[in-house]
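So the structure is just underneath, and the comments pick up after that.
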Amino acid sequence: MPDEDGHPTPAEMDLRTVLHALSDPHRFAVIAQFLREPDDTERTCAYFQLPVSKSTTSHHFKVMREAGLLRMVDHGNSRTAVLRRKELDARFPGLLDLMAAG
């Protein structure tokens with residue numbers, strides 16, 4: 001069962017759901033950018049400057065959160081996203097390495 005913020009546990013992460021989330025070019029670009037950053041880097045959604053509306057950006061981050069790709073961190077009046085690198089590497093070994101190589 002996902003936590004109160006909608007983050008699935010690693011055991012709940014489904015490969016098809018993760019691949020579906022990554023199938024969108026904007027979401028793939030967000031994860032690829034995180035892979036170029038140090039572990040546990042926090043970024044706001046606006047940092048990625050997606051060429052879509054704010055509501056569509058929010059939708060993309062919701063899809064990535066629900067798939068288990070990102071953890072959203074609440075800072076009171078703002079939120080940041082963090083790639084769940086360790087959990088993803090443990091659940092799907094090699095997936096992020098494959099993305100980083102591509």
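Since this is a predicted model, take the numbers as computed values, not measurements.
Separating the CG atom in Asp24 from the NE2 atom in His60 is a distance of 4.5 Å, to the nearest 0.5 Å. Rounded to the nearest 0.5 angstrom, Met72 CE and Glu42 CD are separated by 10.0 Å. The NE2 atom of His26 sits 11.0 Å away from the NE2 atom of His59 when rounded to the nearest 0.5 Å. Considering SG of Cys45 and NZ of Lys62, their distance stands at 13.5 Å, rounded to 0.5 Å. With rounding to the nearest 0.5 angstrom, the NE2 atom of His7 is 9.5 Å from the CE atom of Met13. The distance from the OG1 atom of Thr44 to the NE2 atom of His75 is 10.0 Å, given to the nearest 0.5 Å.
Transitive grouping of hydrophobic side chains (ILVMFWY, heavy atoms separated by less than 4.5 Å) keeps Val63 and Leu19 in distinct clusters. Cluster membership for Leu15 and Leu96, using ILVMFWY side-chain heavy atoms within less than 4.5 angstrom, is shared.
You'll find the side chain of Met99 reaches within 4.5 Å of the side chain of Leu22, heavy atoms only. With a 4.5 Å cut-off on side-chain heavy atoms, Leu70 and Phe34 count as touching. Looking at heavy atoms from C-beta onward, Glu87 lies out of side-chain contact with Pro8 at the 4.5 angstrom threshold. In this structure, Arg85 and Leu35 have side chains that are in contact, with non-hydrogen atoms separated by less than 4.5 Å. Counting heavy atoms from C-beta on, the side chains of Arg84 and Pro10 come closer than 4.5 Å. Here the side chains of Ile31 and Leu83 are in contact, with some heavy-atom distance below 4.5 Å. Using a 4.5 Å heavy-atom cutoff, the side chains of Tyr47 and Thr80 are not in contact.
Ala21 and Leu69 get closest at one heavy-atom pair: CB-CD1, 3.7 Å. Residues Val18 and Phe92 share a closest heavy-atom pair of CG2-CE1, 3.9 Å.
Of the charged side-chain nitrogens involved, at least one lies within less than 4.0 Å of a carboxylate oxygen, so that Asp40 and Lys86 count as a salt-bridged pair.
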Working note: Val30 + Phe61, criterion side-chain contact (heavy atoms from CB on, under 4.5 Å); need CA distance, chi angles, decisive distance, verdict.
CA-CA 9 Å; Val30 167; Phe61 277 80; 4.0 Å; yes

